[in-house]
2 protein chains.
Amino acid sequence: MTENMLRQRTAARRDAVIREVLDRAWALMARDGVAALSVRELARDLGVRQQSLIYYFPSKQALLDALFADGFGQLQPRLAAAGSAAASPVDRLVATVTELLGYCTAHPARYHLMLQRTVPGFTPSQASHQIALDTLAILLERLADAGVTDPADADISRGLINGLAAEQVANDPGGDRFTRQAPRALRALLAGLATTSKE
Amino acid sequence: MTENMLRQRTAARRDAVIREVLDRAWALMARDGVAALSVRELARDLGVRQQSLIYYFPSKQALLDALFADGFGQLQPRLAAAGSAAASPVDRLVATVTELLGYCTAHPARYHLMLQRTVPGFTPSQASHQIALDTLAILLERLADAGVTDPADADISRGLINGLAAEQVANDPGGDRFTRQAPRALRALLAGLATTSKE
DNA sequence: GTCTATATCCAGATAGAC
DNA sequence: GTCTATCTGGATATAGAC
C-alpha cells in the first residue's frame, strides 16, 4: 500500500465525517431554527466533544459557510435539471420555479440560511457567494428564455418568486397556500409585464 | 393634589421612560441587527443597569413584543392615510404599497422583526399579533378596492409586495433597485391576473 | 425605581496531553 | 484526531438593600 493510497483513504474518511457533520447540522437547524445552532450542541448530538469539531471546521463561521455552500451545491443541479422535458420556455421556467419553491418550503432552515440571510453574524465567503450567484444565474437564464430580458422585469420576477417563498415559510409552514399559486402568478406577471408600459 | 392626579403623573412618566427604551432599542437594532440586541447592551446604552429594565419589561420576550406592537402601531396609521388623495383605487393601492415598502427599507430591523420574523426565540403575543393582522387588513382592503377580490390573487399580490421588500433589504440595502419597480410590478400583476385563467 | 451582588447557564476558542 | 482542562466573555434572571 503506497503512501498515496493511504492519503486517499484518509481524505475519503475525512469527507465522510464532514458529510455527517453537515447532515446533522441541517437536521438540528430544521428542528430548532438556524440561529439556535451551536457547535456544542452539534457536537453533543454527534457524540463527540465540541473541541473535536474544530479539527474539521476551525470556527462556527466556517461551519455555516460550509452549510451555505452545501445547500447551493444541492440546489443547483436540481434547478439545472428542472423542466428539461418542458414543452415551452415558459413551462420550463414554471418547472424551475416550482423546484426552487419546493426546496425552500421543504427545508425552511436552508431557505433562511441561504436566501433569507438574517443569521446573526454570518456572511458567506466569496467562494460560497459565487456558488449562490451561479445558482441564481440558472433562474435568470430561464427567465430570459421565457422572454424576461429587461433587467428591471427580472428583478420584479425575482421579487415575486422570493415573496411567495417568504410568505409560505412565514405564514403557512408545511402547507402550500402560497407556493401552489406560483404557476398562475408567474404566467400572470409575465403576461402583464409584456403589456404594461414603463410609463 | 389628589391621589388620582399623582397616579396619572407617575403613569405618564412611566410611559415616557418606556418610549425612550423602545426608541433606543430600535436604534441599536438598526445598528447591529435585530438578533444582536441584548438587554444588557440596551441598559448600558441608556445609562442604567440591566436589572433596572426588568422593572419595565419583565423579560426580553416582553421587550421584543412591545417593539413588535410599537412598530405596527406606527405603521398602521401611515398605511391608513396613504393615497387618500389618489385618483383611483389602483393608484391608492400603489400609494399604500409604496408607503409600506418605504417603511421596510428605511427600517430594515423593523422589517426583520415585524414581517420577516426569523428572530431567534421570538413569537408575538396574541394581542400584538392582532395589531399586525389589523395592519395587514388595510392592505387587503386596498387590494380588494383595486379589484383583487379572489383570495388566491390576494395571496399572490402579498407575495409580490413582500418579495420586493425582501430582495431590496437583502440585496440592495439602502438603495431602491427593487422597490422602485413596485408601481409597474403591481400594475402588471393586476392586469395579468385579470386576464389569466385559473386553468 | 434603581441599585449591588450574585446565580446559573451557555457560547466559542485555545493549549497541550495522548 | 480526539480528548481533558480551561479561558474569556456573554446572556437572562433573582434577591434584597436603599
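Note that these values count all heavy atoms, side chains included, but never hydrogens, waters or copies made by symmetry. So you know, we letter chains A, B, ... as the sequences are listed, proteins then strands, and number each from 1.
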d([atom1], [X]; [atom2], [N]) in whole Å:
X       : N      : atom1 : atom2 : result
A:Gln50 : C:dT14 : CD    : C1'   : 10 Å
B:Arg49 : D:dG16 : CZ    : C1'   : 17 Å
B:Arg40 : C:dA7  : CZ    : P     : 15 Å
B:Arg14 : C:dG1  : CZ    : C1'   : 10 Å
A:Lys60 : C:dA13 : NZ    : P     : 9 Å
B:Ile18 : C:dG1  : CD1   : C1'   : 13 Å
B:Leu42 : D:dT12 : CG    : P     : 10 Å
B:Leu28 : D:dA11 : CG    : P     : 12 Å

Lys/Arg N to Asp/Glu carboxylate O, [X] vs [Y], below 4.0 Å:
X        : Y       : value
B:Asp15  : B:Arg19 : no
A:Arg142 : A:Glu99 : no
B:Asp145 : B:Arg92 : no

Note to self: Classify A:Ser52 by what it touches in the nucleic acid, base, sugar-phosphate, or nothing, heavy-atom distance under 4.0 Å.
What the structure shows: base

Notebook entry, point to check: Can a side chain N or O of B:Tyr56 be found less than 4.0 Å away from OP1 or OP2 on C:dT2?
Noted result: yes

Checklist line | Distance below 4.0 Å between B:Tyr55 side-chain N/O and C:dG1 OP1 or OP2 | finding: yes

Notebook entry, point to check: Any donor and acceptor pair, going by atom type alone, linking the side chain of B:Gln168 with main-chain N or O of B:Asp172 inside 3.5 Å?
Noted result: yes

Note to self: Assuming nearest nucleotide by heavy-atom distance, tell me which of A:Arg44 and A:Gln51 is located more 5' along DNA chain C.
What the structure shows: A:Arg44

Notebook entry, point to check: Quick one: which of D:dT12, C:dG12, D:dA13 gets closest to the side chain of A:Ser38?
Noted result: C:dG12

